[in-house]
Amino acid sequence: QVPLVEFGGGLVQAGGSLKLACAASGRSLGNYAAGWFRQAPGKEREFVAGISGLTTTTHYADSVKGRFTISRDNAQSTVYLQMNNLKTEDTAVYYCAARGVLGSSPDAHDWNYWGQGTQVAISS
């Protein structure tokens, strides 16, 4: 098991920024790919960003490319999502995910471990 906990959600105005963090309790994520997904009301969970284990190769959904940045710290027990130039359509519950292989994937079914989610709301 890889218990994940997200931090940093909140309410901001459009054009603002937020930084989400995802902590793996009691273990390193160094050998795991990590990612962020989001789910808006009435919509399916969608891929936002992923970062591969070890190589730290990153992948982004087209809708957030150039605005969001995923990263992980040196100890590799925390993964971040820096979100800039936020739009109202970014409003969703954001979930951190990890999978026990090195590569990221945009398919939610490929991820083994999930956090409980953190709400991000963007006002116009």
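Hydrogens, waters and symmetry mates play no part in the numbers below; they use all other heavy atoms, side chains included. Values in this document were obtained by computation on a predicted structure and should not be read as measured data.
Within the 3.5 Å criterion, the main-chain N or O of Cys96 finds no donor-acceptor partner in the side chain of Trp111. At distances below 3.5 Å, not a single donor-acceptor pair connects side-chain atoms of Arg72 with backbone N or O atoms of Ala33. A donor-acceptor pair is defined here as one N or O able to donate and one able to accept, closer than 3.5 Å; such a pair exists between the side chain of Tyr60 and the backbone of Ile70.
The side-chain hydrogen bond (donor to acceptor under 3.5 Å, both in side chains) pairs that include a residue from residues 4-25 are Glu6-Gln116, Ser17-Asn84, where partners are two or more places apart or lie in different chains.
Listed by chain and number, the residues in a side chain to side chain contact (heavy atoms under 4.5 Å, CB included) with Asn112 are Arg99 (sequence neighbours excluded). Remark: Thr88 engages Ser124 in a side chain to side chain contact (heavy atoms under 4.5 Å, CB included) (not counting sequence neighbours).
A distance of 8.5 Å separates CD in Glu89 from OG in Ser63, rounded to the nearest 0.5 Å. Going from atom CZ of Arg38 over to atom CD of Gln119 covers 12.0 Å, rounded to the nearest 0.5 Å.
When hydrophobic clusters are built by joining Ile, Leu, Val, Met, Phe, Trp and Tyr residues whose side-chain heavy atoms come closer than 4.5 Å, directly or via intermediates, Val64 is not grouped with Phe47.
Between Asp90 and Lys87 there is no salt bridge, since no side-chain N of the basic residue sits under 4.0 Å from a carboxylate O of the acidic one.
Aromatic ring centres of Phe37 and Tyr95 lie farther apart than the 6.0 Å criterion allows.
Taking every heavy atom of both residues into account, Ala34 and Val79 meet most closely at CB-CG2, 3.5 Å. Among all heavy-atom pairs drawn from Phe68 and Val48, the shortest one is CD2-CG1, 3.6 Å.
Heavy atoms of other residues, nucleotides or ligands lying less than 6.0 angstrom from NZ of Lys43 number 12 at most.
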